[in-house]
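Reviewing the structure listed below.
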Amino acid sequence: MPRTSEICKGAKYSNTRTRESQRKREIQKLQHELSKLHEELSKEKECKNKAYYFILSTNNFNRYAEFSKKFDGFTAWHEACVVKMQMDALESK
C-alpha cells in the first residue's frame, strides 16, 4: 500500500477557505444584481399599470383596442416612442 506522502507528492494544494470565500462573494454579487433587476422590473410594471389606468380612466379602451388591431405584430415600440418624442420636441421649437 502506498504511503500518503507518495499519493500526495506533486499534487497542487488549494486553500478551500479561499475558494469558499470567493464563491460567497460571487453569490453576494449575483444576489445584488438580481435584487436590482427585480427593482427595475417592479418599476416597469408600475409604469405599465399607470398607463393602463390612464387608458381606462379616460374612456380610451376602445380606441386602444383599435390601435392594437391596427399595429398587430409591431414590436419596436421603444424605438417608436423615442422617434415620436424627438419629432414632438422638434415641432415645439
Side-chain angles (χ1 to χ4, degrees):
M1 176 179 243
R3 287 190 251 155
T4 306
S5 61
E6 291 175 4
I7 294 173
C8 297
K9 193 173 187 179
K12 294 182 180 176
Y13 293 99
S14 65
N15 187 341
T16 304
R17 289 185 185 181
T18 303
R19 279 189 283 151
E20 287 177 6
S21 64
Q22 286 173 343
R23 286 185 185 140
K24 284 180 183 178
R25 282 193 301 271
E26 289 174 14
I27 290 170
Q28 288 172 342
K29 181 181 174 186
L30 290 172
Q31 286 173 332
H32 179 70
E33 289 177 19
L34 182 60
S35 177
K36 285 175 26 180
L37 288 173
H38 189 270
E39 272 183 43
E40 291 174 13
L41 181 63
S42 294
K43 287 177 188 176
E44 182 177 347
K45 188 171 87 173
E46 185 63 30
C47 289
K48 286 182 179 182
N49 285 333
K50 186 177 180 180
Y52 295 150
Y53 182 78
F54 174 80
I55 291 168
L56 294 172
S57 67
T58 56
N59 296 320
N60 284 313
F61 181 74
N62 290 334
R63 288 179 64 199
Y64 177 73
E66 288 300 316
F67 173 84
S68 295
K69 288 177 190 173
K70 182 178 177 182
F71 291 100
D72 186 36
F74 184 74
T75 58
W77 292 109
H78 174 75
E79 292 82 0
C81 289
V82 170
V83 170
K84 175 71 172 132
M85 288 188 294
Q86 289 171 340
M87 291 173 59
D88 288 351
L90 290 173
E91 288 176 3
S92 67
K93 286 186 177 183

Between SG on residue Cys81 and CD on residue Gln86, distance to nearest 0.5 Å: 11.5 Å

Heavy-atom check, side chain of His38 versus side chain of Leu34, under 4.5 Å: no

From Ile27 atom CD1 to Glu20 atom CD, the distance as rounded to the nearest 0.5 Å: 10.5 Å

From CD (Glu79) to CZ (Phe74), nearest 0.5 Å: 7.5 Å

Within one Ile-Leu-Val-Met-Phe-Trp-Tyr cluster: Met85 and Leu90, side-chain cutoff 4.5 Å: no

Electrostatic pair Lys48:Glu44 at N-O distance under 4.0 angstrom: yes

Point-to-point distance, once rounded to the nearest 0.5 Å, from OG of Ser42 to CG of Leu37: 11.0 Å

Ring geometry between Phe71 and Phe67 (parallel below 30°, tilted from 30 to 60°, perpendicular above 60°): tilted

Point-to-point distance, once rounded to the nearest 0.5 Å, from CD of Gln22 to NZ of Lys24: 12.5 Å

Neighbour count above 12 (heavy atom, 6.0 Å) for Tyr53 OH: no

Cationic N near anionic O, under 4.0 Å, Glu66 to Lys69: yes

Separation between CD1 of Ile55 and CZ of Phe61, rounded to the nearest 0.5 Å: 8.5 Å

